[in-house]
Amino acid sequence: MKRLHIEPSTRNLGEFFWRAVLVGWCIALVAVCARATLQSKRHKHSGYFVYVDAGRAWRTGAHLYTALDDLPPAERAELARKIQSAGEWQVRDNAIWGGYRYSPTAAILFVPLSYVPGAVGEIAWRIFLAAAGLGGLYWCARVGVPRPLARRDWPIFWLLVMWAYVGCLNNGQSSALLIGCLLGAAAACCTDRWMLAAALVTIPTVLKLYPVSYGLLLVLLFPRQFGWRFAACLVFAFALPFILRPHAMVEEHRRWLWHLVNDAKTAVPVTSWDQDVRLLLYRLFRVTLSMHAFLAIQLVTGALIALVCLAGQRAGWPRRMLVARALGLATCWMTTFGMATEPSTYILVAPTLAWSLWECWTRPTRCAETHGGRSPGGAISRVILVAAYLLFVMAYVFLWFPWGRIANSYAPEPLAGVLIFGYLLARSGREIRRSLANAVSSHSRTSPSVLTFPAPPS
């Protein structure tokens with residue numbers, strides 16, 4: 001076999017790029033940890049204290065969630081009056097909604113943090129988040145999700161996702177852990193580690209619930225391999241609090257469900273709204289969606305995603321391409337069409353955006369035939385993806401300034417999410433049509449010719 005010869009200059013350039021990206025990440029992580037150390041007290045933009053307080057509350061047996069009954073009578077009556085007058089939209093600028101809102105199972109996961117001193121815990125938490133997020137991306141690169149890549153090409157993905165990862169690590173948000181687990185689940189599916197994949201999807205689900213959408217897609221695509229394992233992991237995860245503390249969990253889950261049902265933001269000023277499609281529609285058309293209309297949009301987009309994934313499977317997509325596309329569409333649904341979407345939540349779509357950008361620049365439209373008809377598109381796709389990337393970067397830069405919340409209230413991130421979602425749908429449609437057309441043409445070439453005989457003489 002002829003060995004591939006790589007010029008020394010090219011190899012040296014690749015090694016220099018590897019080192020430069022690694023140094024950049026080290027500098028970013030040191031800066032984030034230094035900021036957390038200097039502001040080790042309860043910084044308003046750090047989610048670490050929400051998690052550590054939940055772990056401490058579980059350890060001491062205190063309530064995880066604040067309920068109306070915990071407030072003084074006068075404050076409780078005033079808040080109940082506001083809730084009733086607001087209808088389905090609730091008032092979110094009260095301390096009752098400002099604390100822990102994840103599941104009781106997630107609080108158990110945060111118990112180890114409650115034993116670590118404040119400044120040390122903040123640094124350890126951010127290092128853990130960075131390891132989880134980048135570890136999932138590294139495993140996908142090793143497995144070849146969404147397609148095999150040369151090792152020299154891997155650093156570009158670490159560079160393209162830096163905008164999202166650094167912002168999330170700076171805030172100490174758990175979204176870096178979520179995307180790391182979801183990426184790991186995609187890689188585990190491609191290596192037939194189905195129980196590990198189920199466990200990795202269960203961890204984000206017990207944290208924020210909506211990652212169950214990716215699990216449901218995998219159940220739809222691989223029912224025998226993934227379905228019962230995912231169901232078993234979910235049952236164990238949500239039963240664990242009742243096993244460890246059965247006498248208090250009924251009340252604790254009642255409080256948690258009350259927060260989930262009564263949690264929304266559109267009664268507060270628009271600068272405090274969630275970064276989802278509702279904000280985009282309000283800014284573009286001055287339309288305020290009702291909760292029922294928003295749920296209808298979620299159901300329609302979810303059904304569309306499921307149909308696209310099933311059609312891709314029927315069209316014969318490779319498994320690594322199928323699980324990556326399902327992850328990309330699911331993360332768009334979790335963020336752009338999801339609930340409780342904050343700026344740091346858009347880290348979930350960063351790997352898909354990085355993959356798409358890389359493929360658009362390395363596999364142009366004119367090479368569609370040589371790549372099996374799976375071209376990601378041409379100039380229009382590049383413009384859409386670059387625009388989405390710039391919108392995300394601008395949204396994070398805006399947060400560095402006092403007026404950042406006002407600028408972000410004009411929905412740059414939801415607009416970017418819609419652009420990516422539309423690109424993935426259009427690309428999937430092209431790929432499905434081409435795969436089916438190739439299958440039909442291949443079948444016509446390989447089918448035996450029909451022999452005809454002359455009619456017998458009369």
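Numbers here are sequence positions counted from 1.
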| query | Partners of Pro241 by side-chain contact (heavy atoms from CB on, under 4.5 Å), sequence neighbours excluded? | reply | Trp58, Pro104, Thr105, Ile108, Met249, His253
| request: Check whether any side-chain heavy atom of Phe49 sits under 4.5 Å from a side-chain heavy atom of Glu122, and report yes or no. | output: yes
| task | Determine, step by step, whether Leu424 and Cys332 satisfy the side chain to side chain contact (heavy atoms under 4.5 Å, CB included) criterion, reporting the C-alpha distance in whole Å, the side-chain angles of both residues, the deciding distance to 0.1 Å, and the verdict. | result | CA-CA 10 Å; Leu424 292 177; Cys332 286; 4.2 Å; yes
| query | Taking only residues two or more places apart in sequence or in another chain, which ones pass side-chain contact (heavy atoms from CB on, under 4.5 Å) with Trp18? | reply | Arg151, Trp154, Pro155
| query | With sequence neighbours left out, what residues match Arg193 under side-chain hydrogen bond (donor to acceptor under 3.5 Å, both in side chains)? | reply | Thr191
| said: Can you tell me how far apart SG (Cys140) and CZ (Phe157) are? Round to the nearest 0.5 Å. | reply: 10.5 Å
| query | Stepwise, does the ring pair (Phe, Tyr, Trp, His ring centres under 6.0 Å) test hold for Tyr396 with Tyr346? | reply | CA-CA 10 Å; Tyr396 273 84; Tyr346 279 93; 8.7 Å; no
| message | On a heavy-atom basis, which atom in Leu322 and which in Gly312 lie closest, and how many Å separate them? | response | CD1-C, 4.3 Å
| message | Looking at every non-hydrogen atom in both residues, tell me the closest pair between Pro204 and Leu200 and how far apart they are. | response | CD-O, 2.8 Å
| query | Distance only, no hydrogens: is a donor on one side chain within 3.5 Å (strictly under) of an acceptor on the other, for Ser428 and Arg325? | reply | yes
| Can you name the side-chain contact (heavy atoms from CB on, under 4.5 Å) partners of Ile384, sequence neighbours left out? | Ile380, Leu419, Tyr423
| task | Keeping the roles fixed (side chain from Arg320, backbone from Val143), state whether a donor-acceptor pair exists under 3.5 Å. | result | no
| field | Rounded distance (nearest 0.5 Å) linking atom CZ of Arg433 with atom CG of Leu436 | value | 10.0 Å
| task | Taking all heavy atoms of Leu129 and all of Ser174, pick out the closest pair and write down the distance. | result | CD2-CA, 4.3 Å
| request: Begin with the C-alpha distance, continue with both residues' side-chain angles, and end with the deciding distance and a verdict on side chain to side chain contact (heavy atoms under 4.5 Å, CB included) for Trp125 and Phe110. | output: CA-CA 10 Å; Trp125 174 243; Phe110 297 132; 3.9 Å; yes
| field | Derivation of the side chain to side chain contact (heavy atoms under 4.5 Å, CB included) call for Cys189 and Gln225 | value | CA-CA 9 Å; Cys189 288; Gln225 301 95 326; over 6 Å; no
| request: With the side chain counted from C-beta on, respond yes when Tyr210 and Thr345 share a heavy-atom pair under 4.5 Å apart, and no when they do not. | output: yes
| request: Determine whether Tyr165 and Trp158 make a side-chain contact, defined as any pair of heavy atoms from C-beta on separated by less than 4.5 Å. | output: no
| query | Atom CD in Glu359, atom CG in Leu385: separation rounded to 0.5 Å? | reply | 10.5 Å
| query | If we ignore angles and hydrogens, is there a donor and acceptor under 3.5 Å between the side chains of Arg278 and Tyr282? | reply | no
| According to the interplanar angle, ranging from 0 to 90°, do the rings of Phe226 and Trp194 count as parallel (below 30°), tilted (30 to 60°) or perpendicular (above 60°)? | perpendicular
| request: Indicate yes or no: at least one non-hydrogen side-chain atom of Leu353 is less than 4.5 angstrom from one of Leu160. | output: no
| request: I would like to know whether Leu109 and Tyr51 meet side chain to side chain contact (heavy atoms under 4.5 Å, CB included); could you show each step before the answer? | output: CA-CA 9 Å; Leu109 303 179; Tyr51 309 135; over 6 Å; no
| said: Are Pro414 and Val277 packed together at the side-chain level, in the sense that at least one heavy-atom pair is separated by less than 4.5 angstrom? | reply: no
| query | What residue pairs, at least two apart or across chains, pass side chain to side chain donor-acceptor pair (under 3.5 Å) with a residue in residues 330-340? | reply | Thr301-Trp333
| Is there a donor-acceptor pair closer than 3.5 Å between any side-chain N or O of Arg255 and the backbone N or O of Leu64? | no
| request: Assign the ring pair Tyr100 / Tyr65 to parallel, tilted or perpendicular, where the plane angle (0 to 90°) is split at 30° and 60°. | output: tilted
| Under 3.5 Å: donor-acceptor pair, side chain of Asn170, backbone of Val166 | no
| Does a side-chain heavy-atom distance below 4.5 Å link Phe17 with Arg152? | no
| said: Using a strict threshold of under 4.0 Å (side-chain N to carboxylate O), is an ion pair present between Glu252 and Arg245? | reply: no
| How long is the gap from CD on Gln173 to NZ on Lys208, to the nearest 0.5 Å? | 6.0 Å
| Met195 side chain reached by Cys233 side chain, heavy atoms, under 4.5 Å | yes
| Are the side chains of Trp139 and Leu183 in touch, meaning some heavy atoms are under 4.5 Å apart? | no
| said: For Trp256 and Phe238, take the angle between the two ring planes, folded into 0 to 90°, and tell me which bin it lands in: parallel under 30, tilted 30 to 60, perpendicular over 60. | reply: parallel
| task | Could you point out which residue of Asp276, Leu182, Leu178, Val349 forms a side-chain contact (heavy atoms from CB on, under 4.5 Å) with Met334? | result | Leu182
| message | Quick check for you: to the nearest 0.5 Å, what is the distance between Leu149 atom CG and Trp358 atom CH2? | response | 7.5 Å
| request: Identify whether NZ of Lys or CZ of Arg in Arg59 sits under 6.0 Å from the centre of the six-membered ring of Tyr115 and within 45° of that ring's axis. | output: yes
| message | Keeping Ser103 on the side-chain end and Val206 on the backbone end, is there a donor-acceptor pair under 3.5 Å? | response | yes
| remark: Rounded to the nearest 0.5 angstrom, the CZ-CH2 distance for Arg382 and Trp361 is 5.0 Å
| message | Once side chain to side chain donor-acceptor pair (under 3.5 Å) is applied, what residue pairs with a partner in residues 408-421 remain, sequence neighbours excluded? | response | Arg283-Ser409
| request: Considering non-hydrogen atoms only, spot the tightest contact between Tyr102 and Ala106 and give its length. | output: CB-CB, 4.1 Å
| message | If I compare all heavy atoms of Cys168 with all of Ser175, which pair ends up nearest, and what's the gap? | response | SG-CB, 3.8 Å
| note | Here the pair of heavy atoms bringing Ala54 nearest to Ala107 is O-CB, 4.0 Å
